[in-house]
Amino acid sequence: MAGEVIVDALPYIDHGYDDPGVRESALAMVEEECRRYRPTKNYLDHLPLPANSPFETPLMVNEFERIQNRLPMETLSMKRYELPPPPSGKLAEVAAWQESIENSMAQLEHQWVRSINLELMLEYGTEAWKSYLEVFTAMQAKAQLQLQQLKKDMQDINWQRKQAQTHAGEKLRSLEAHWVLLVSKNYEIETESAELEKLVHAAREQLKKLTPPSNETAPTPEHTNGYGKEEDEQQQ
């Protein structure tokens, strides 16, 4: 498969990671890869956009727009807590005084509601806080159980990885020993073959020396004065 990366590291059985210079070499390789990598603008186009709209409130939308437009944050308005009199130009107007009175009444009502809330908190706040703490303690206990389960799952996965790598290491060592044995045998066979080739070559050279040249003819009866012919006739 194109782009597939095969991880062949076996940290549970491989050695040499703590040797001097190994960490520096790995960091240098990472830095070189980061230096050569040039991300494009659209390298995340294949991923879907995060769905944030279900979690955005109108206040969050307005705040995001303010941040995007680089506008300053509005300061906290204290106008609703002020009791200003009518402007100097409207001191004789009844409507202006009526507006100031309504503002003061609203402030008074607000303070009265705050006092009621304080009384309710003093009466029921302790029990509400205890209830909240009980819920929070139950949530914390549930989170602790989930954390313990995750740690157990991680430990099981690491144990399985260690077992798999240990078995793989034993198999690799067995295959490596078998490979070394075969290589040694092949080397011995090649050495013996080379020696046999030398012997065969020497034997051929010796045979060439003992064999007469092909242009030499065998002796005829004339050359032997008929001795060979008489022997042939006697044998017949």
Side-chain angles (χ1 to χ4, degrees), residues 7 11-12 17-18 23 26-27 30-31 33-34 37 39-165:
V7 180
Y12 285 101
Y17 295 110
D18 297 330
R23 179 179 177 82
L27 292 177
V30 173
E31 292 179 358
E33 180 69 18
C34 294
Y37 178 67
T40 59
K41 293 183 179 179
N42 301 324
Y43 74 103
L44 295 178
D45 287 347
H46 64 285
L47 298 176
L49 294 176
N52 296 328
S53 56
F55 307 98
E56 293 179 354
T57 61
L59 180 62
M60 294 175 61
V61 174
N62 295 332
E63 185 65 16
F64 290 152
E65 291 179 355
R66 183 194 65 78
I67 296 174
Q68 186 176 4
N69 296 328
R70 299 181 181 276
L71 298 176
M73 182 182 297
E74 296 181 1
T75 58
L76 183 62
S77 177
M78 305 297 294
K79 186 176 181 180
R80 58 179 299 181
Y81 301 105
E82 298 176 358
L83 296 175
S88 58
K90 296 182 179 181
L91 292 176
E93 296 182 5
V94 179
W97 284 103
Q98 186 67 30
E99 184 179 356
S100 297
I101 292 173
E102 291 178 355
N103 184 26
S104 62
M105 293 176 64
Q107 296 296 333
L108 182 61
E109 183 72 16
H110 174 67
Q111 296 298 330
W112 180 70
V113 172
R114 289 185 63 186
S115 64
I116 292 177
N117 290 333
L118 290 174
E119 292 177 0
L120 292 173
M121 187 181 67
L122 291 175
E123 185 175 358
Y124 303 105
T126 304
E127 297 298 328
W129 184 253
K130 289 181 180 179
S131 177
Y132 167 76
L133 290 179
E134 291 178 358
V135 174
F136 183 78
T137 304
M139 293 174 61
Q140 183 182 13
K142 186 177 180 180
Q144 289 290 339
L145 291 176
Q146 293 178 352
L147 178 61
Q148 293 177 3
Q149 184 64 35
L150 288 176
K151 288 183 177 179
K152 182 179 181 300
D153 294 341
M154 292 173 58
Q155 187 175 3
D156 293 341
I157 291 175
N158 291 332
W159 182 83
Q160 293 175 4
R161 290 177 60 226
K162 183 176 181 180
Q163 289 294 110
Q165 293 185 20

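Bear in mind that the values here come from a model prediction, so they are computed numbers and not experimental data. Computed over heavy atoms, backbone and side chain alike; hydrogens, waters and symmetry mates excluded.
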_Steps toward side chain to side chain contact (heavy atoms under 4.5 Å, CB included) verdict (Q149, L145)_ = CA-CA 6 Å; Q149 184 64 35; L145 291 176; over 6 Å; no

*Decide side chain to side chain contact (heavy atoms under 4.5 Å, CB included) for Q155 and N158; before the verdict, give the C-alpha distance in whole Å, the side-chain angles of both, and the deciding distance to 0.1 Å.*
CA-CA 5 Å; Q155 187 175 3; N158 291 332; 5.6 Å; no

*Step by step, would you call W112 with E109 a side chain to side chain contact (heavy atoms under 4.5 Å, CB included)?*
CA-CA 5 Å; W112 180 70; E109 183 72 16; 3.5 Å; yes

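Here NE2 of H110 is found 10.5 Å from OG of S115. Values are rounded to the nearest 0.5 Å. Atom-to-atom distance recorded for D153:CG and Q146:CD is 11.5 Å, nearest 0.5 angstrom. How far CG of N117 is from CG of L122: 11.0 Å, rounded to the nearest 0.5 Å. For the atom pair I67 CD1 and M60 CE, the distance stands at 10.0 Å (nearest 0.5 Å). Taking NZ of K142 as the start and CG of L147 as the end, the distance is 14.5 Å to the nearest 0.5 Å. Note that CD of Q140 and CZ of F136 are 5.5 Å apart. Values are rounded to the nearest 0.5 Å.
Contact detail for K162 and Y12: the closest heavy-atom pair is CG-CD2, 3.6 Å. Nearest heavy-atom pair, S104 versus L83, reported as atom, atom and distance to 0.1 Å: CA-CD2, 3.4 Å.
Residue E99 qualifies as open at atom CD: its count of foreign heavy atoms under 6.0 Å is 12 or below. Around CZ of F55, the count of heavy atoms belonging to other residues, nucleotides or ligands within 6.0 Å does not exceed 12. Heavy-atom neighbours of R66 CZ from other residues, nucleotides or ligands within 6.0 Å: above the threshold of 12.
Here the side chain of T137 pairs a donor or acceptor atom with the backbone of L133 at under 3.5 angstrom.
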